[in-house]
Amino acid sequence: METLEQVLTPEEQFQAHIDADIRIEPKDWMPDAYRKTLIRQISQHAHSELVGMLPEGNWITRAPSLKRKAILLAKVQDEAGHGLYLYSAAETLGTSRDQMLADLHSGKAKYSSIFNYPTLSWADMGCVGWLVDGAAILNQVPLCRTSYGPYARAMVRVCKEESFHQRQGFEIMQTLCEGAPAQKEMAQEALNRWWWPTLMMFGPKDADSPNTEQSMKWRIKRFTNDELRQKFVDMMVPQAEFLGLTVPDEKVKWNEARQAYDFGEVDWNEFWAVVKGNGLCNHERLQARVQAHEEGAWVREAALAHAAKRKERAAVTA
Amino acid sequence: MSATLPETLAGIVPAAPNLLFPFVLQLADTSLILAHRLSEWCGHGPVLEQDLALANIALDLLGEARSYYQYAAELEGQGRTEDDLAYLRSAVEYRNPLLVEQPNGDFAHTVVRQFLFDNFHYHLLQALKESADAQLAAIAEKSLKEAAYHLKWSSEWVIRLGDGTAESRQRLDKAIAALWRFAGELTTPTTTETCLQRLGLVPDYAALLPAMEAHVAHVLGEATVPVPEAVFAQQGGKMGRHSEHLGYLLAELQYMQRSYPGLTW
């Protein structure tokens with residue numbers, strides 16, 4: 001009897017593992033393209049956590065109550081934690097955090113475009129939690145079963161915290177909607193601004209998403225962009241109705257035959273403009289990251305220099 | 001310890017619960033203002049791990065502040081809430097020492113500010129957990145573990161920056177020169193604190209000094225930094241006379257409550 005290894009090429013064995021839902025681990029053989037795609041996707045995800053701290057960080061010092069301040073600060077801190085898990089997961093593929101950050105700062109690596117929109121009112125903290133984290137969860141829950149082991153395990157932890165984030169966002173919206181007219185107005189105004197950009201979070205239409213097919217085959221991705229976008233609309237429209245808010249899309253209508261909501265077309269010109277760096281905050285967000293990194297250089301150098309001195313002294317006394 | 005006023009003070013100062021209110025408020029303001037300053041770092045730290053650490057310390061202090069505000073509201077008994085106390089008092093009513101309202105500056109300034117505060121905070125809580133006031137003792141007990149971690153964090157960073165590179169040393173020296181003058185206020189009792197000390201509700205600060213000074217000497221020794229000579233100690237924050245920085249901080253902190261009075265968030 002010949003073994004599988006003798007009959008199948010490494011590429012075929014790899015795909016057989018994927019098809020059998022066997023996790024790929026760091027030391028396993030994998031095609032270069034799989035490795036590259038994962039590094040791109042995981043680092044992009046890590047960068048999104050890092051940059052995502054900024055729009056919410058913008059309201060920590062202005063949160064309207066001590067309880068809200070504590071919850072928001074804890075939430076943004078969670079995002080820093082997610083960034084750490086994800087950078088570590090990507091490092092198992094043979095890249096380094098320094099390299100990934102250099103790519104972020106040079107503009108070579110992307111992060112989620114949603115963070116290039118400004119947070120202008122307290123209700124934006126509600127919308128970011130409710131809609132943006134809601135969309136992120138739909139994107140991320142399937143990743144808990146993604147084919148690459150370290151990524152899947154990182155995502156299990158991330159998803160647990162994200163669902164808490166989404167609930168707190170919804171709760172902010174609910175409090176606003178049950179509050180004074182000025183608060184409800186604030187909630188509606190924020191929804192008007194965030195609705196379409198969150199629909200864009202699922203990426204281009206399937207027809208314009210050339211990587212989807214390969215990613216589905218590798219089980220890095222489990223649903224297409226349009227499938228997830230539809231799920232999101234189906235989930236959120238009733239929630240908005242529950243809150244007494246109106247989704248800013250006149251074409252939203254329940255389709256009995258499809259058992260799903262019909263909805264209007266995303267403004268793809270805006271989508272591509274923001275992806276290409278022309279969103280209102282692209283410049284500021286990246287600048288804030290570059291500045292933090294550059295201004296932190298002397299701190300990182302001091303820590304390394306001190307550690308080296310200690311090591312040297314320990315060697316002398318040993 | 002006895003909770004009655006010494007004869008010399010009887011009739012001059014209000015009874016203990018009323019004295020306790022401004023003191024607890026002072027503790028609350030102190031933790032809140034420093035938490036607020038630290039939270040300004042969120043997303044801008046020198047490295048992701050330290051972003052997390054700074055947010056962690058901010059969260060601890062914010063939690064501690066809330067415990068004190070809730071207790072202060074209870075002591076006052078006028079129906080005010082923690083948020084009323086934090087969001088609806090003006091700068092002259094705030095009772096935090098000057099040190100904690102100082103701007104973040106560079107990482108060295110933040111570290112030195114934190115080190116000076118943590119050294120006091122840790123030793124204060126350790127004594128305060130023996131307070132004759134059970135509620136204060138309970139909050140101190142709960143916060144002490146966190147404060148021990150904060151002191152470890154800031155001490156380690158003073159050492160790294162002092163005994164790191166030439167640049168980090170120079171920045172640390174500058175921060176020490178800028179902030180050392182605010183340390184003295186922490187251990188200089190106000191009249192309220194003196195009264196509470198005599199009632200056994202608040203520890204005698206003079207008794208904390210030897211341990212605090214020993215820790216400073218140890219950490220600066222490790223950092224290869226000479227202990228600064230005694231400097232003129234700036235005072236006033238604990239009596240509501242603040243630096244210009246606090247007004248801006250409160251304008252931001254209180255923005256929502258001031259813009260939309262009386263609403264629930």
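Chain letters run A, B, ... following the sequence lines, proteins first, then strands; residues in each count from 1. The figures that follow rest on heavy atoms only: side chains count, while hydrogens, waters and symmetry mates do not.
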Closest-packed option against chain A by number of heavy-atom pairs under 4.5 Å, given B:Gln257, B:His36, B:Arg169, B:Glu40: B:His36
Largest heavy-atom contact set with chain B, pairs under 4.5 Å, which of A:Gln291, A:Glu294, A:Arg97, A:Glu56: A:Arg97
Side-chain donor or acceptor of B:Arg160 paired with backbone N/O of A:Ala305 under 3.5 Å: no
Which atoms of A:Leu101 approach chain B - backbone, side chain, both or neither, heavy atom under 4.5 Å: neither
Nearest heavy atoms of B:Asp83 and A:Ser65, plus distance in Å: OD2-CB, 3.2 Å
Largest heavy-atom contact set with chain A, pairs under 4.5 Å, which of B:Tyr260, B:Tyr69, B:Phe107, B:Trp41: B:Phe107
Spatial distance of atom NE2 (A:His306) from atom CD (B:Glu222) [nearest 0.5 Å]: 7.5 Å
Test side-chain hydrogen bond (donor to acceptor under 3.5 Å, both in side chains) applied to B:Thr165 and A:Glu301, step by step: CA-CA 7 Å; B:Thr165 62; A:Glu301 283 158 16; 5.5 Å; no
pair A:Trp59-B:Tyr255: side-chain heavy atoms closer than 4.5 Å: yes
Backbone N/O of A:Ala80 and side chain of B:Asp51: donor-acceptor pair under 3.5 Å: no
Shortest non-hydrogen separation from B:Thr264 to A:Thr175 and the atoms involved: O-CG2, 3.8 Å
Gap separating the CG atom of B:Leu161 from the CH2 atom of A:Trp298, nearest 0.5 angstrom: 5.0 Å
Derivation and outcome, salt bridge (charged side-chain N to carboxylate O under 4.0 Å, His left out), residues B:Glu82 and A:Arg68: CA-CA 12 Å; B:Glu82 55 169 355; A:Arg68 291 288 178 209; over 6 Å; no
4.5 Å side-chain heavy-atom contact, A:Leu66 and B:Leu32: yes
Atom pair CE/CG of A:Met53 and B:Leu48 - distance to nearest 0.5 Å: 6.5 Å
Close side-chain approach of A:Thr61 to B:Leu253, heavy-atom, < 4.5 Å: no
Minimum heavy-atom distance B:Tyr87-A:Ala63, with the two atoms named: OH-O, 3.2 Å
Top of A:Arg289, A:Lys67, A:Glu178, A:His293 for chain B proximity - count of heavy-atom pairs under 4.5 angstrom: A:Lys67
Choice from A:Arg310, A:Lys309, A:Arg300 maximising heavy atom contacts with chain B below 4.5 Å: A:Lys309
Distance (rounded to the nearest 0.5 Å) between A:Lys69 NZ and B:Met256 CE: 12.0 Å
Minimum heavy-atom distance B:Pro46-A:Gly296, with the two atoms named: CB-CA, 3.5 Å
Residue pair A:Arg62 / B:Glu252: nearest heavy atoms and the distance that separates them: CG-O, 3.4 Å
Validation row: A:Val299, B:Val47 side chains within 4.5 angstrom (heavy atoms): no
From NE2 (B:His44) to CG (A:Leu54), nearest 0.5 Å: 5.5 Å
Under 3.5 Å donor-acceptor, A:Gln77 side chain and B:Ala55 backbone: no
Value rounded to 0.5 Å, distance of CD1 in A:Ile60 from SG in B:Cys42: 4.0 Å
Side chain, backbone, both or neither of A:Met186 within contact of chain B (heavy atoms, under 4.5 Å): side chain
Contact class of A:Glu295 relative to chain B, heavy atoms under 4.5 angstrom: neither
Beyond-backbone contact of B:Trp265 with A:Leu176, side-chain heavy atoms, under 4.5 angstrom: yes
Chain B contact via A:Glu171 - side chain, backbone, both or neither, heavy atoms under 4.5 Å: neither
Closest contact, heavy atoms only, A:Ala74 versus B:Leu59: CA-CD1, 3.8 Å
